[in-house]
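Notes follow the structure.
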Amino acid sequence: MTIKVIIVDDQAMVRAGFAALLAAQPDIDVVGDAPDGLRGVELSRTTHPDVVLMDVRMPEMDGLEAARRLLDPPRGVVHRPKVLMLTTFDVDDYVYEALRAGASGFLLKDAPPADLISAVRVVAAGEALLAPSVTRRLIADFAQQRPAPRRDRSLRLKGLTPRETEVLELIARGLSNQEIAGSLVLAEQTVKTHIGRVLAKLGLRDRAQVVIFAYESGLVRPGEA
């Protein structure tokens, strides 16, 4: 199955470079590009991509607002692509808000080409792209600005089993499925099953929102190892 991608970035050379790299892959089809968020949303509505590579800072409409419009479309619009945020910096409050809005993750613009290709495939498959070392710092930095756990989040934790709560906490600490399996002495498939149940019970879209929920509920505190 071919993955349809559009690239939204205000730098023409970035768009061209990413397009050339991705189009060279047999399973990826670049179906368009746009120089700002507004035209990116319009392009997505007509091309129905599987993945949108979205720059954070752009004129006309920034990537955050564009991601919100794509992930929470108006009535009558049924297409919701996966959104992968692109950023120059590894800590960016826009990225945090984009993850809360439902973006599937973020990628640094200076990441190796192989990482970009892998990221598109990971996101298209329904997984969240969260580089553990960067994500822990990103979420912890902004969680510090929200020191009081949100009561609605804390109450929803009570619907999880003890094992599901453990899995939630380890996801928030940046562990991969394989690392969680090793830590809890479980099969990796069992970990995936627990993650699926956590998502369903908490009404979350993906792993990115799981991380944010864990901080906002108070399950994990900023600065904890």
Side-chain angles (χ1 to χ4, degrees), residues 1-131 134-135 138 142 205-206 208-209 212:
M1 177 179 161
T2 301
I3 303 169
K4 294 170 61 177
V5 177
I6 67 171
I7 303 163
V8 185
D9 193 292
D10 62 338
Q11 298 181 53
M13 289 186 66
V14 171
R15 297 198 306 273
F18 282 5
L21 177 65
L22 294 173
Q25 308 308 309
D27 58 336
I28 298 176
D29 183 15
V30 179
V31 296
D33 64 79
D36 59 68
L38 184 60
R39 279 181 277 187
V41 171
E42 294 172 350
L43 180 62
S44 179
R45 298 275 195 258
T46 58
T47 59
H48 295 169
D50 300 299
V51 177
V52 176
L53 292 178
M54 182 76 73
D55 188 21
V56 173
R57 293 185 173 91
M58 294 179 289
E60 299 296 329
M61 180 187 293
D62 65 27
L64 174 58
E65 179 59 28
R68 285 174 176 153
R69 295 193 184 191
L70 291 176
L71 296 166
D72 188 19
R75 182 175 298 179
V77 177
V78 297
H79 178 252
R80 286 184 175 86
K82 305 293 185 182
V83 177
L84 178 60
M85 305 301 295
L86 300 170
T87 180
T88 307
F89 308 102
D90 62 357
V91 175
D92 193 314
D93 57 339
Y94 278 87
V95 178
Y96 175 84
E97 293 300 335
L99 291 174
R100 293 194 67 201
S104 294
F106 69 95
L107 186 71
L108 298 181
K109 284 188 178 182
D110 61 358
D115 286 3
L116 173 64
I117 297 166
S118 175
V120 168
R121 290 171 177 155
V122 166
V123 168
E127 296 289 334
L129 185 76
L130 295 172
V134 176
T135 300
L138 176 92
F142 293 103
R205 291 188 186 94
D206 55 32
Q209 290 197 328
I212 293 168

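These numbers come from a predicted model, not from an experiment.
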Which heavy-atom pair separates Ala119 from Leu107 by the least distance, and what is that distance? CB-CD2, 4.2 Å
Would you please test Lys82 and Asp50 for salt bridge (Lys or Arg N to Asp or Glu O under 4.0 Å) and show each step? CA-CA 6 Å; Lys82 305 293 185 182; Asp50 300 299; over 6 Å; no
So, taking the atom named NE2 in His48 and the one named CG in Leu43, what distance separates them when rounded to the nearest 0.5 Å? 10.5 Å
Quick one, Ile3 with Arg121, criterion side-chain contact (heavy atoms from CB on, under 4.5 Å). Give me CA distance, side-chain angles, the key distance, then yes/no. CA-CA 8 Å; Ile3 303 169; Arg121 290 171 177 155; 4.0 Å; yes
Distance (rounded to the nearest 0.5 Å) between Leu116 CG and Gln25 CD: 9.0 Å
Close side-chain approach of Ile6 to Thr47, heavy-atom, < 4.5 Å: yes
Separation of Ile7 CD1 from Leu84 CG (nearest 0.5 Å): 11.0 Å
In short, Val123 meets Ser104 closest at the heavy-atom pair CG1-CB, 3.7 Å
Measure the shortest side-chain to side-chain distance between Val8 and Asp55 over non-hydrogen atoms and say whether it is less than 4.5 angstrom. no
Test item: His79 side-chain N/O and Pro73 main-chain N/O as donor-acceptor pair under 3.5 Å: no
Output every pair passing side-chain hydrogen bond (donor to acceptor under 3.5 Å, both in side chains) with a member in residues 1-22, not counting sequence neighbours, ordered by first then second residue. Asp9-Lys109, Arg15-Asp33
With rounding to the nearest 0.5 Å, note down the distance linking CG in Leu86 to CG in Asp110. 11.0 Å
State, to 0.1 Å, how close Ile28 and Leu22 come at their nearest heavy-atom pair, and which atoms those are. CB-O, 3.5 Å
Tell me the closest heavy-atom pair linking Ala67 and Met85, and the distance in Å. CB-SD, 4.3 Å
Inter-residue atom distance Met54.CE - Thr87.OG1, 0.5 Å rounding: 13.5 Å
Glu42 vs Arg45, test: salt bridge (Lys or Arg N to Asp or Glu O under 4.0 Å). Steps then yes/no. CA-CA 5 Å; Glu42 294 172 350; Arg45 298 275 195 258; over 6 Å; no
Heavy-atom check, side chain of Arg69 versus side chain of Met61, under 4.5 Å: yes
Give the minimum heavy-atom separation between Leu70 and Arg80, together with the two atoms involved. O-CG, 3.9 Å
So, does Asp36 use its side chain to make a donor-acceptor pair with the main chain of Leu38 at under 3.5 Å? yes
Give me the atom names and distance for the closest heavy-atom approach of Ser44 to Pro81. OG-CG, 3.8 Å
So do Val83 and Leu71 actually touch side chain to side chain, heavy atoms under 4.5 Å? yes
I'd like to check Val31 versus Val5 (side-chain heavy atoms, cut-off strictly below 4.5 Å). Are they in contact? no
